[in-house]
Amino acid sequence: MSVLFIAALAASALPETNYDESKVPEYALPDALLTLDGSRVETAEAWRTKRRPELLRLFAEQMYGKTPSASLPVEYETLSVDENALDGAATRKQIRIHFSGGALHMDVLLFLPNGAPSPAPAFIGLNFGGNHTVHSDPGIRLPESPMRTGEPASEEERGKSAGRWQAETVVSRGYALATAYYGDIDPDMDDGFRNGVHPLFHGEGVPAADEWGSIGAWAWGLSRALDMLLSENSVAARVDGSRVAVLGHSRLGKTALWAGAQDERFALTISNNSGCGGAALSRRRFGETVARINTAFPHWFCGNFKRYNENENALPFDQHQLIALIAPRPAYVASAEEDRWADPRGEFLSAKHADSVYRLLGTDGMSAEEMPPLESPAMSRIGYHIRRGGHDVKAYDWARFLDFADKHLR
Ligand code: GTR
């Protein structure tokens with residue numbers, strides 16, 4: 001039997017995808033403030049010292065996999081500087097982060113605003129197609145790591161995702177923009193963790209059932225890029241490391257949430273259409289489900305997460321608690337009307353049910369009681385919008401992310 005045939009069989013054995021709100025099963029969400037031993041967290045101190053570490057551990061061991069605590073040796077190499085990028089509005093820098101003496105590298109592309117006070121707040125996120133897809137600027141290098149197809153990156157793709165990054169707008173509003181290709185950290189393939197960062201920690205072996213998959217690796221990469229922003233002198237002079245927002249779309253939105261939850265140096269976290277395994281509540285089983293995502297993408301989460309295929313109620317948490325782990329730092333969740341696969345209502349409900357933790361920590365949480373209408377953003381400590389259209393990052397999304405960042409990082 002071919003591999004494709006087996007995969008199709010496995011997928012067809014799954015229940016039909018539900019897009020009917022009336023068929024969402026009844027469920028009880030685990031209480032973010034109730035610890036495993038049954039005691040209730042009543043103070044910010046108890047959240048910080050007891051419940052937050054407990055929840056982080058549960059998400060690591062049961063879902064994303066534990067991130068190695070050891071660090072790899074790094075070196076930073078400036079590949080290029082163009083002080084006159086974006087028609088003079090930005091300085092473009094490309095910095096290569098070498099890990100373990102060159103065993104792996106990640107190229108970070110930066111647009112630093114020329115006309116804004118320095119150091120500037122920044123957005124950082126991984127991209128799907130290589131840094132050269134983020135803008136048509138011919139000076140942006142192609143990645144050396146493979147694409148998801150296994151093919152090398154191509155010149156034809158230059159600038160094809162510029163709409164998803166809005167570099168001119170971001171810079172004109174006084175923010176720096178940093179991005180790296182996610183395949184530099186771990187190629188997005190179910191290949192037994194033979195490439196990318198995993199072998200640097202596991203050698204010939206594979207991660208154990210409670211150790212990181214690809215999302216964990218990508219989140220780790222975001223933290224390593226943040227290390228660079230904070231410590232590479234020429235960058236640190238222009239980027240304010242205490243005001244860095246991490247964002248991502250879709251699987252990289254799941255990644256941004258996990259990065260923001262683990263690494264408290266990220267001042268603000270944005271999930272765009274992250275859906276199942278990201279902002280959407282797993283227990284709703286609306287659109288993509290745990291079983292579907294684990295079948296289609298077995299390498300994204302840890303081995304233990306497969307225990308919850310069609311068994312969501314056994315999860316010791318749900319995704320509202322991932323957002324709660326970001327508290328009291330601001331978090332923003334963006335949905336799209338036609339992106340039903342990602343369950344927009346489930347994404348809103350996660351944002352809303354993180355509220356109790358924000359309030360315990362002394363900030364406001366989610367201002368909207370009900371899911372806001374189309375393109376009427378809720379802009380509290382937790383933000384949310386749903387826009388018209390499908391699964392994508394649009395100018396509308398960026399405009400709201402910038403408004404939200406202005407509110408919290410200025
Ligand atoms: C889909 C997957 C989603 C989402 C999306 C993406 O195929 O089912 O969970 O991550 O890919 O990343 O574009």
Side-chain angles (χ1 to χ4, degrees), residues 4 7-8 10-12 14-19 59 63-65 125-130 133-134 147-149 157 160-161 163-165 179-190 196 212-219 221-222 246-260 269-302 305-306 308-310 312 315 318-319 322 333-347 350 386-387 389-394 397:
L4 266 181
S12 66
L14 296 171
E16 217 179 296
T17 302
N18 178 41
Y19 291 120
F59 272 105
M63 189 169 183
Y64 301 101
L126 299 174
N127 63 70
F128 283 87
T133 63
V134 163
M147 300 289 102
R148 266 165 65 204
T149 53
E157 311 273 271
K160 80 153 199 226
S161 298
R164 284 191 172 182
W165 290 91
T179 186
Y181 171 50
Y182 79 142
D184 274 5
I185 307 155
D186 186 26
D188 189 1
M189 301 163 206
D190 180 26
W212 60 349
S214 292
I215 291 176
W218 300 326
L222 283 166
V246 62
L247 89 167
H249 169 61
S250 206
R251 70 198 68 183
L252 297 175
K254 311 180 208 297
T255 302
L257 287 170
W258 182 227
T269 303
I270 299 169
S271 148
N272 192 78
N273 305 177
S274 64
C276 179
L281 292 175
S282 302
R283 280 169 174 75
R284 278 172 50 82
R285 302 185 186 196
F286 187 102
E288 187 171 32
T289 60
V290 170
R292 284 207 177 262
I293 207 166
N294 278 331
T295 305
F297 307 103
H299 57 297
W300 283 2
F301 300 90
C302 73
F305 194 47
K306 276 104 191 150
Y308 304 99
N309 289 353
E310 297 194 55
E312 290 85 348
L315 277 163
D318 212 317
Q319 298 307 102
L322 184 63
V333 173
S335 305
E337 184 183 22
E338 290 161 20
D339 186 21
R340 296 189 308 154
W341 181 243
D343 186 14
R345 178 170 296 277
E347 294 184 314
S350 266
I386 175 164
R387 68 156 163 75
H391 188 71
D392 203 351
V393 196
K394 300 289 214 186
D397 300 309

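Ligands are counted one by one from 1 in listed order, and the atoms in each one are counted from 1 as well.
In His391, the part holding a heavy atom less than 4.0 Å from any atom of ligand 1 is the side chain.
Annotation: atom 11 (O) of ligand 1 to nearest protein heavy atom, Arg251 NH2, 2.9 Å. For atom 7 (O) of ligand 1, the nearest non-hydrogen atom of the protein is Phe297 CZ, 3.4 Å.
Proximity of a side-chain donor or acceptor of Thr179 to a complementary backbone N or O of Gly125 within less than 3.5 Å is detected.
Residue Trp300 has at least one heavy-atom neighbour below 4.0 Å for each of these atoms of ligand 1: 9 (O), 10 (O). Listed by number with element, the atoms of ligand 1 under 4.0 angstrom from any heavy atom of Ser250 are 4 (C), 5 (C), 6 (C), 10 (O), 12 (O), 13 (O). Proximity to Ile293 (heavy-atom distance under 4.0 Å) selects the following atoms of ligand 1: 9 (O). Counting atoms of ligand 1 from 1 in the listed order, those under 4.0 Å from a heavy atom of Lys254 are 3 (C), 4 (C), 9 (O), 10 (O).
Checked against a 3.5 angstrom limit, the closest N/O atoms of Glu288 and ligand 1 fall inside it. Here's the thing with Trp341: one of its N/O atoms is less than 3.5 angstrom from an N/O atom of ligand 1.
In this structure, a donor-acceptor pair under 3.5 Å is absent between the side chains of Asp186 and His299. The closest side-chain donor-acceptor pair between Asn127 and Tyr182, if any, does not fall under 3.5 angstrom. Counting only N and O atoms by type, the side chains of His391 and Asp339 include a donor and acceptor under 3.5 Å apart. Trp300 and Asp190 share no side-chain donor-acceptor pair at under 3.5 Å.
Ring orientation note: the planes of Phe128 and His249 are nearly perpendicular, at an angle over 60° on the 30°/60° scale.
Summarising the local packing, NZ of Lys394 is surrounded by 12 or fewer heavy atoms from other residues, nucleotides or ligands at distances under 6.0 Å.
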